[in-house]
There are 2 protein chains.
Amino acid sequence: MKIQDIARLANVSVATVSRVINNNDNVREETKERINRIIKENNYYPNVIARNLSKNENNTIGIIIPDIKNLYFASIMDGIVNEASRRNLNIILGCSNENFELQEKYIELFIEQRVKGIIIAVTQNSYTKIDFFDQTSLKIPLVLIDRKIDKQMPGVFFENFHSVYGVIEKFIKYGKKKIGFLAGSQTISTAKERLEGYKKALKDNEIKYDKKLVLYGDFTLESGYNLGKEILKREIDGIYISNNSMTLGFLKVLKELNINSENIKIATFEDNEIIRFIDEKIVSYNMPFSELAKRSIEILESLLKNDTSDTTVEISL
Amino acid sequence: MKIQDIARLANVSVATVSRVINNNDNVREETKERINRIIKENNYYPNVIARNLSKNENNTIGIIIPDIKNLYFASIMDGIVNEASRRNLNIILGCSNENFELQEKYIELFIEQRVKGIIIAVTQNSYTKIDFFDQTSLKIPLVLIDRKIDKQMPGVFFENFHSVYGVIEKFIKYGKKKIGFLAGSQTISTAKERLEGYKKALKDNEIKYDKKLVLYGDFTLESGYNLGKEILKREIDGIYISNNSMTLGFLKVLKELNINSENIKIATFEDNEIIRFIDEKIVSYNMPFSELAKRSIEILESLLKNDTSDTTVEISL
DNA sequence: CTGAAAGCGCTTACAG
DNA sequence: CTGAAAGCGCTTACAG
């Protein structure tokens, strides 16, 4: 069923049908009603693809994240899907699984689909791929979320540095002397910035940086588990763990070794139902995911209007 | 940049360019190379939307789920996204938030986008909406996942009944006499079937059904928490909890009341990293999410070929 | 208030 | 091996 069929059934031209579909102009009330009735009776839905082609428009945006099953990214997704729905935008979804080639494939796919733009949490090895992102942002409006690359680009991020800095400073004020740190892969901007926050807070408070207290993992539960075993040998009195999965791994060690977490003050980046459930004394911040989602779509809209001011924003926690 | 621009630059017709883009026919090797070079140099990406319109094709499928942040549905999503990627299908995503009207809106949107079909985990109040789904499956191929409605339709589901039946039977064999049951909303097929499995297992093993041991919740953590407090007053020696969120709520009660879970055998439907982490002795099954994803896309493809045999499948656990 | 016609960016049967 | 032309399902400036 297409617009022609409706036109024939209603004894009008396709132009007239098009007008009532789009609530355009002035169509005689009577024929408008007749056409609407016929549309209804025949279960006709206009072909938006054809409309978009004709109007040179597109109301879909692409989004790419590295991991759907991680609650952190699922929350971001959720925010974006709901905000998009509010704005009558369609979401076309890609999941890179931290794989750069797959991410590349999705970007090409989305360009071919002529999406309005792409909102992307880049894979962990994207940080240094400046040329690639320069090139692709020439081809399509690109908004980074959560993870930066090594060049200022439009995007919205959390204030990783300040968040960690504040927590560590508090730990120190509470008298903690040996604060461990489980870092994420330093090819991810968020992992880097969190570590920097830790280092700077120590420095500003005149605590010597002890590299034995900093272990490097890869944001997975397993790595939190393994590093946890290791760092617990160092007699720490506090610890900052760089993401949610590693925190779960660390808590697992605590449980297995039957260590009472009263003795070690624990902090992590993201407050989340699960972690808080396991140990409610863990220090963390509530993440304004829906704000991140909202801002990222707003920035995309700005980019589309060639308004490039304030397109890089950091959300404080 | 469009196909015409490339044609002009290459001094050929658009037909020829189209042929090399699609790797069609026989184009002289020399001109093929020239055209490909020009395409590359100009960063030209064919407009898939226009191609699809012209070929009367579409390589995107719609998917609607009730909750992105629930790991259960996130896992289903993950499976579908990856399977779709393998098959070069695009995913356009909607999240109903258990809201029937929003679900309806997404379905209309997807029909207008002329997706190949829709894969959907329906909202909790969809069970009795037979007419609605009859109507929409007339308009677009529809594959239900995870949750059924009150009529046989194409879809892929887990064997809820048998899974619960088996667990309860084992509990009984182990000597459990008072097995509690935290049910989900009985407007969701999965919640119903799980309860039925419980009832039947009791019956077949000659244990009297005690309705005081069955409490009804709504699949949320809070409801698991509240019902947990209640059911623990009943001196149960085993309990089956109908989904992951309610299980977390129940475990929270256990922790708060400092109850040793040795005394109560606990089972839930879905094995999941988090729950197993909190209490590894909980009985549950590993969910073959990727199989569910794969089958649902296969069924969609069958439907598109008008092959309607075996379009309703149950995956055993 | 309404229609004929050109155009959106492609593909493809037909002809050469 | 290549091109001219019709067509995919719409929209819209133009004319009446």
Side-chain angles (χ1 to χ4, degrees), chain A residues 1-36 38-39 42-60 88 90 108-116 139-140, chain B residues 1-36 38-39 42-60 88 90 108-116 139-140:
Chain A
M1 178 88 9
K2 50 191 173 178
I3 200 169
Q4 270 206 32
D5 301 318
I6 301 295
R8 196 176 331 106
L9 290 170
N11 266 315
V12 291
S13 72
V14 293
T16 304
V17 178
S18 174
R19 286 188 189 102
V20 349
I21 289 170
N22 293 286
N23 250 316
N24 267 1
D25 300 328
N26 4 4
V27 180
R28 192 150 51 108
E29 194 57 34
E30 195 181 299
T31 73
K32 181 188 277 186
E33 275 166 19
R34 180 160 42 96
I35 292 174
N36 271 326
I38 293 175
I39 286 175
N42 291 275
N43 270 330
Y44 168 70
Y45 292 85
N47 183 329
V48 173
I49 298 290
R51 168 187 299 162
N52 285 340
L53 181 63
S54 158
K55 297 179 86 161
N56 254 319
E57 280 183 3
N58 196 332
N59 60 328
T60 110
N88 285 311
N90 291 314
E108 284 184 9
L109 235 50
F110 292 177
I111 292 178
E112 291 182 347
Q113 292 283 334
R114 296 295 187 270
V115 298
K116 286 169 86 96
K139 301 177 193 166
I140 186 107
Chain B
M1 179 85 14
K2 50 189 173 178
I3 200 170
Q4 271 206 30
D5 300 318
I6 301 297
R8 195 176 331 107
L9 290 170
N11 266 315
V12 291
S13 72
V14 293
T16 304
V17 178
S18 173
R19 286 189 188 100
V20 349
I21 290 170
N22 293 285
N23 250 317
N24 267 1
D25 301 328
N26 5 2
V27 179
R28 191 150 53 109
E29 195 56 35
E30 195 181 299
T31 73
K32 181 189 277 187
E33 275 166 19
R34 180 161 40 96
I35 292 174
N36 271 325
I38 293 175
I39 286 176
N42 290 275
N43 270 329
Y44 168 71
Y45 292 85
N47 183 329
V48 173
I49 298 291
R51 168 188 299 163
N52 286 340
L53 182 63
S54 159
K55 296 178 86 162
N56 255 318
E57 279 182 3
N58 196 333
N59 60 327
T60 110
N88 286 311
N90 290 315
E108 284 184 9
L109 235 49
F110 291 177
I111 293 177
E112 291 183 346
Q113 293 282 336
R114 296 295 187 270
V115 298
K116 286 168 86 94
K139 301 177 192 165
I140 186 109

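Keep in mind that what you see is a predicted model, and the values were worked out from it rather than measured. Here is the naming used below: chain letters follow the sequence lines, and residue numbers restart at 1 for every chain.
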Whole-angstrom distance between C/dG16 and C/dT12, as gauged at atom C1': 16 Å

Interatomic spacing from CG in A/Leu9 to CD in A/Gln4 - rounded to 0.5 Å: 11.5 Å

Distance (rounded to the nearest 0.5 Å) between B/Asn90 CG and A/Glu112 CD: 9.5 Å

Members of residues 2-9 of chain A that approach DNA chain D, where some heavy atom sits under 4.0 Å away: A/Lys2, A/Ile3

Gap between atom NZ of B/Lys32 and atom CZ of B/Arg28 - 0.5 Å precision: 12.5 Å

Listed partners of B/Glu29 passing salt bridge (Lys or Arg N to Asp or Glu O under 4.0 Å), at least two apart: none

Reported CE-to-CG distance for the pair A/Met1 and A/Asn47, which is rounded to 0.5 angstrom: 13.5 Å

Test side-chain hydrogen bond (donor to acceptor under 3.5 Å, both in side chains) applied to B/Tyr45 - qualifying residues, sequence neighbours left out: A/Lys139

Under the salt bridge (Lys or Arg N to Asp or Glu O under 4.0 Å) test, residues paired with A/Arg8 that sit two or more places apart: A/Asp5

From CA spacing to verdict: side-chain contact (heavy atoms from CB on, under 4.5 Å), A/Glu108, A/Ile111: CA-CA 5 Å; A/Glu108 284 184 9; A/Ile111 292 178; 5.5 Å; no

Sub-4.0 Å heavy-atom contacts from residues 12-23 of chain B onto DNA chain C, ordered by number: B/Ala15, B/Ser18, B/Arg19, B/Asn22

Watson-Crick or G-U stems of DNA chain D, 3 or more pairs, under 3.5 Å, by first number: C:1-3 with D:14-16, C:5-12 with D:5-12, C:14-16 with D:1-3

Distance in Å, B/Ile21 CD1 paired with B/Ile35 CD1, rounded so as to fall on 0.5 Å steps: 8.5 Å

5' to 3' contact window, DNA chain D with chain B (heavy-atom distance under 4.0 Å): D/dC1 to D/dC10

Sequence neighbours excluded - salt bridge (charged side-chain N to carboxylate O under 4.0 Å, His left out) pairs with any residue from residues 9-22 of chain B: B/Arg19-B/Asp25

Upstream residue (5' side of DNA chain D) when B/Arg114 and B/Glu29 are each assigned their closest nucleotide: B/Glu29

Report all side-chain donor-acceptor pairs from residues 48-59 of chain A shorter than 3.5 Å, counting only partners two or more places apart or in another chain.
from	atom 1	to	atom 2	distance (Å)
A/Asn52	ND2	A/Val48	O	3.4
A/Asn52	ND2	A/Asn59	OD1	3.4
A/Asn58	OD1	A/Thr60	N	3.0
A/Asn58	ND2	A/Gln113	O	3.1
A/Asn58	ND2	A/Arg114	O	2.6

B/Ile38 side chain reached by B/Asn42 side chain, heavy atoms, under 4.5 Å: yes

Indicate every side-chain donor-acceptor pair of residues 10-18 of chain A with a distance under 3.5 Å to a residue at least two apart or in another chain.
from	atom 1	to	atom 2	distance (Å)
A/Ser13	OG	A/Ala15	N	3.3
A/Ser13	OG	A/Thr16	N	3.4
A/Ser13	OG	A/Thr16	OG1	3.4
A/Ser18	OG	A/Asn22	ND2	3.4

Residue-level proximity of residues 42-60 of chain A to DNA chain C when a heavy atom falls under 4.0 Å: A/Leu53, A/Ser54, A/Asn56

C/dC1 versus C/dA5 - spacing of their P atoms, nearest Å: 24 Å

